[in-house]
Amino acid sequence: QVELVESGGGLVQAGGSLRLSCAASGSTFGSYAMGWFRQAPGKEREFVAGISWGGASTSYADSVKGRFTIFRDNAKNMLYLQMNSLKPEDTAVYYCAAEYGAPTVVRGAEGYGDWGQGTQVTVSS
């Protein structure tokens, strides 16, 4: 198990950028596959981006591909999501998630055992 705390959300105009951070504690961060998910009001929680243990393999939802970048710093127990060219459709609560013992990218929410509380991202038009 790991404790996950997201930060970096806020209000930004369309076309702007934000960097979300997820701080992990309580276990060996390098043994967890990590992912970012988001949920807008009235919608299902959806996959945004995922990254393998070592960071060599990543996966992105089609809606964010080319605009968002997921990366991790295992030495600092940190996960990041760099979001560029933000659109109003990106408005949601963003969650980081971890799955112990999964060396490859996990895309399904059901595949993650630990979740943060989320950080709100609002993109104005």
Side-chain angles (χ1 to χ4, degrees):
Q1 289 186 302
V2 293
E3 296 179 16
L4 305 173
V5 180
E6 303 96 336
S7 63
L11 175 64
V12 64
Q13 290 186 318
S17 298
L18 284 173
R19 179 178 289 185
L20 304 185
S21 299
C22 176
S25 63
S27 191
T28 304
F29 185 63
S31 298
Y32 290 78
M34 301 293 295
W36 286 99
F37 290 77
R38 66 187 183 187
Q39 187 167 23
K43 294 186 176 181
E44 299 288 333
R45 185 171 298 187
E46 65 176 349
F47 172 80
V48 176
I51 189 167
S52 61
W53 283 2
S57 181
T58 58
S59 182
Y60 297 91
D62 290 341
S63 59
V64 307
K65 195 172 299 181
R67 299 187 297 119
F68 291 9
T69 303
I70 185 172
F71 59 103
R72 65 194 296 167
D73 187 337
N74 289 348
K76 297 180 179 179
N77 291 347
M78 294 292 292
L79 174 73
Y80 304 94
L81 183 68
Q82 179 66 46
M83 305 186 294
N84 298 325
S85 301
L86 283 162
K87 304 174 181 179
E89 306 94 271
D90 297 318
T91 296
V93 176
Y94 283 70
Y95 301 87
C96 66
E99 177 60 26
Y100 180 77
T104 59
V105 174
V106 179
R107 294 180 62 94
E110 70 279 1
Y112 290 88
D114 298 293
W115 295 82
Q117 294 300 304
T119 184
Q120 177 70 47
V121 172
T122 302
V123 184
S124 64
S125 59

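Side chains included, hydrogens not; waters and symmetry mates left out as well; all remaining heavy atoms used. Here the structure is a predicted model, which is why all the values come from computation and not from measurement.
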Any donor-acceptor N/O pair, Tyr112 side chain to Ala33 backbone, under 3.5 Å: no
Assess whether atom CD of Glu3 is packed by more than 12 heavy atoms of other residues, nucleotides or ligands within 6.0 Å. no
Residues which pass ring-ring contact (aromatic ring centres under 6.0 Å, His included) with Phe47, listed by chain and number, not counting sequence neighbours: Phe37
Main chain of Thr104, side chain of Ser57: is a donor-acceptor contact present, judged purely on distance under 3.5 Å? no
Partners of Lys76 by side-chain contact (heavy atoms from CB on, under 4.5 Å), sequence neighbours excluded? Asp73, Met78
Show me the side-chain donor-acceptor pairs of residues 7-22 shorter than 3.5 Å, one per line, residues at least two apart or across chains.
{"residue": "Ser17", "atom": "OG", "partner": "Asn84", "partner atom": "OD1", "Å": "2.9"}
{"residue": "Arg19", "atom": "NE", "partner": "Gln82", "partner atom": "OE1", "Å": "2.7"}
{"residue": "Arg19", "atom": "NH2", "partner": "Gln82", "partner atom": "OE1", "Å": "3.2"}

Distance-only criterion, 3.5 Å: show the donor-acceptor pairs between side-chain atoms of residues 93-101 and protein atoms not counting sequence neighbours.
{"residue": "Tyr94", "atom": "OH", "partner": "Arg38", "partner atom": "NH1", "Å": "2.9"}
{"residue": "Tyr94", "atom": "OH", "partner": "Asp90", "partner atom": "O", "Å": "2.6"}
{"residue": "Glu99", "atom": "OE1", "partner": "Gly113", "partner atom": "N", "Å": "2.8"}

Donor-acceptor pair, distance only, cut-off 3.5 Å: does the side chain of Arg72 make one with the backbone of Gly55? no
Residue set satisfying side-chain hydrogen bond (donor to acceptor under 3.5 Å, both in side chains) with Ser59, at least two apart, ordered chain then number -> Arg107
Give the cluster check for Val121 versus Phe68: same hydrophobic cluster or not, with ILVMFWY residues linked at side-chain heavy-atom distances below 4.5 Å. yes
Applying salt bridge (charged side-chain N to carboxylate O under 4.0 Å, His left out), which residue pairs with at least one partner in residues 108-125 are found, sequence neighbours left out? none
Does Glu6 use its side chain to pair, donor to acceptor, with the backbone of Gln117 at less than 3.5 Å? yes
Name all pairs fulfilling the salt bridge (charged side-chain N to carboxylate O under 4.0 Å, His left out) condition that reach into residues 57-66, sequence neighbours left out, sorted by first residue then second. Asp62-Lys65
Contact check, side chains of Trp36 and Met83, non-hydrogen atoms, under 4.5 Å: no
Same cluster for Tyr60 and Ile51 if Ile/Leu/Val/Met/Phe/Trp/Tyr side chains link at under 4.5 Å? yes
Residues that, via side-chain heavy atoms closer than 4.5 angstrom, fall in one hydrophobic cluster with Val5: none
Residues in side-chain hydrogen bond (donor to acceptor under 3.5 Å, both in side chains) with Gln120, at least two apart? Thr122
Find the distance between OG (Ser124) and CG (Leu86) and round it off to the nearest 0.5 Å. 10.0 Å
CE on Met34 to CG on Leu81, rounded to 0.5 Å: 11.5 Å
Taking Trp115 as the starting point, is it possible to reach Val106 by hopping between hydrophobic residues whose side chains are less than 4.5 Å apart? yes
Please, which pairs that meet disulfide (SG to SG under 2.5 Å) have at least one residue in residues 32-89, sequence neighbours excluded? none
With sequence neighbours left out, write down each residue that passes ring-ring contact (aromatic ring centres under 6.0 Å, His included) with Tyr80, or none if nothing qualifies. Phe71
